[in-house]
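To find a chain, count down the sequence lines: A is the first, B the second, and so on, and within it residues start at 1.
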2 protein chains.
Amino acid sequence: MTYQNETPHDPVQPTVRDRHAVMHGEIRQRICLLEYPPGMRLSEAALAEEFGTSRTPIRRVLARLEDEGLVQSHHGVGTIVTDSDIAELAQVYRLRIELTELVGRLDPEPPNEKFMLRFDSLVQRSAKVIATGTPHDFTRFDMEVFQVLLELTSNIPLRQTMERLYFQTKRIWLKTAIEAQLDLDEEVRIFHQELEAIQLALRSGDLNAAAHIQRAHISMSFQRLQQQNI
Amino acid sequence: MTYQNETPHDPVQPTVRDRHAVMHGEIRQRICLLEYPPGMRLSEAALAEEFGTSRTPIRRVLARLEDEGLVQSHHGVGTIVTDSDIAELAQVYRLRIELTELVGRLDPEPPNEKFMLRFDSLVQRSAKVIATGTPHDFTRFDMEVFQVLLELTSNIPLRQTMERLYFQTKRIWLKTAIEAQLDLDEEVRIFHQELEAIQLALRSGDLNAAAHIQRAHISMSFQRLQQQNI
DNA sequence: TCTTGATATGTTGTACACAATACAGAATTT
DNA sequence: AAATTCTGTATTGTGTACAACATATCAAGA
């Protein structure tokens, strides 16, 4: 996952790794945003045409998504976006909760000034999402915040694991929340409060506190979902 | 990763998933046992011939191994078994240590009688490994014990994550241990003691204690490696 | 009407030919 | 002699044809 020969002044043409990363990220985002909802059948041929390539590189991407648990290919049938019941979801959530705490404890990366500025702008933007956001916008924003907060640890395998688990749960959360008619506006408001609390912790330089706040909110968020779902 | 249509009395011929799993497991084991040491170049054509298939399914396997961080493909060069410096290894170890504790805490699966019998036989076998074992045998045995102890949690994502991390570290540990002329006999003896301690904890029904013992030994094992390596 | 079988169609899986790339070593030039 | 260019060779990446497979549709028969 490391890139060499990166010469910013002379933009090299995208290598095979770049193309793969772009397609993987794009399709993963579509799955996460429910543009490709659980149960939907993806067509290798259609994706190949859209991305201007043949089936082979697309199959490479879908294979990775299958290893990540987001799709499942069946010979003669198609490649189907996976679904999860509440039990599976609960397992991933329990693990995410524990790992989130580790971000503040394992190889913590104290935020520099640039990071704080970036985070401040995120907190401000969360107010806008409250005002005008759709579920789609909310999820996109949530993804962005997640990626930024992940920078608080320099432990690479921890980052990779958390990213993996995040994408396994977020889309199912969104789908279930919509089905259960969870009050998304309320969720956004709580998210805004969470960001403010994390901001405070980060300004105090207390990474552990920031991680624990995040941990608590992940836990509560899942609890709300379960209660509503009864 | 779930299989249906499994009819034990009528052995269905291996499906595409089975073939993939077999090849992946086999190559992964060879990498872990240093049969394919870091830096070695794997040939898609040769592997294809050995497994009696074409390059395409082999490439599917190597792609997964690349996502798991065990190999890295370079266009025009080859597929190289990856290496790790002590810093990378330390990151994975720190994460493994934390996750090991979770096995006893997250969705613990109390061992039944059958499990205990299986574990008892492992403890007995560890004595034999002390007597006649080669580094190769030791590692194979270690892998087996690891897989068995992983059954103590029913949390699937936790299992998958731990397995992934295990295979990232074990081979590097073995290689470094050999290079640093670590006393492998002593390591085996300590491992035997660890198994006896875990056995005691499991008989008391204390999964948490068993996990903490394992955690402690992973930590100490890495410490011994670092001290020797100076 | 229901069941059963055949068939047509669409999908993923596999094999293979070829393109793109990297690198070593010879050939050439300075 | 040193540097440089050229060229041969081996490897992974891509495109494509076809095989393997699952399923819906339809027809025939009980």
Starting from [atom2] on [N], measure out to [atom1] on [X] and report it in whole angstrom.
| X | N | atom1 | atom2 | value |
| --- | --- | --- | --- | --- |
| Glu44(B) | dT14(D) | CD | C1' | 12 Å |
| His20(B) | dT12(C) | NE2 | C1' | 15 Å |
| Phe51(A) | dG15(D) | CZ | P | 14 Å |

Does [X] have a side-chain nitrogen or oxygen under 4.0 Å from the phosphate oxygens OP1 or OP2 of [N]?
| X | N | result |
| --- | --- | --- |
| Arg17(B) | dG13(C) | no |
| Thr79(B) | dT12(D) | yes |
| Thr53(B) | dA15(C) | yes |

Among the candidates [options], find the nucleotide nearest to the side-chain atoms of [X].
| X | options | value |
| --- | --- | --- |
| Arg41(B) | dT11(D), dA15(C), dT16(D) | dT11(D) |
| Arg59(B) | dA22(D), dT14(D), dT14(C) | dT14(D) |
| Thr56(B) | dT12(C), dA22(D), dA15(C) | dA15(C) |
| Ser73(A) | dT12(C), dT12(D), dT14(C) | dT12(C) |
| Ser54(A) | dA20(D), dT14(D), dT21(C) | dT14(D) |
| His75(B) | dA20(C), dA22(D), dT14(D) | dA20(C) |

Any salt bridge linking [X] with [Y]? Criterion: basic side-chain nitrogen under 4.0 Å from a carboxylate oxygen.
| X | Y | result |
| --- | --- | --- |
| Arg118(B) | Glu113(B) | no |
| Arg28(A) | Glu163(A) | yes |
| Arg59(A) | Glu66(A) | no |

Residue mapping more 5' on DNA chain D - nearest nucleotide basis, Gly52(A) or Ser43(B): Ser43(B)
Residue whose nearest DNA chain D nucleotide is more 5′ - Pro57(A) or Ala45(B): Ala45(B)
Touch class at under 4.0 angstrom, heavy-atom based, for Leu42(B) against every strand present: sugar-phosphate
Touch class at under 4.0 angstrom, heavy-atom based, for Leu62(A) against every strand present: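 Answer is nothing: Leu62(A) stays at 4.0 Å or more from every strand.
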Any donor-acceptor N/O pair under 3.5 Å between dG13(C) base and Arg55(A) side chain: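 Check passes, donor-acceptor contact within cut-off.
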Lys NZ or Arg CZ of Arg125(A) over Phe141(A) ring: under 6.0 Å, within 45°: no
Trp173(B) and Phe138(B) aromatic ring geometry - parallel, tilted or perpendicular at 30°/60° bounds: perpendicular
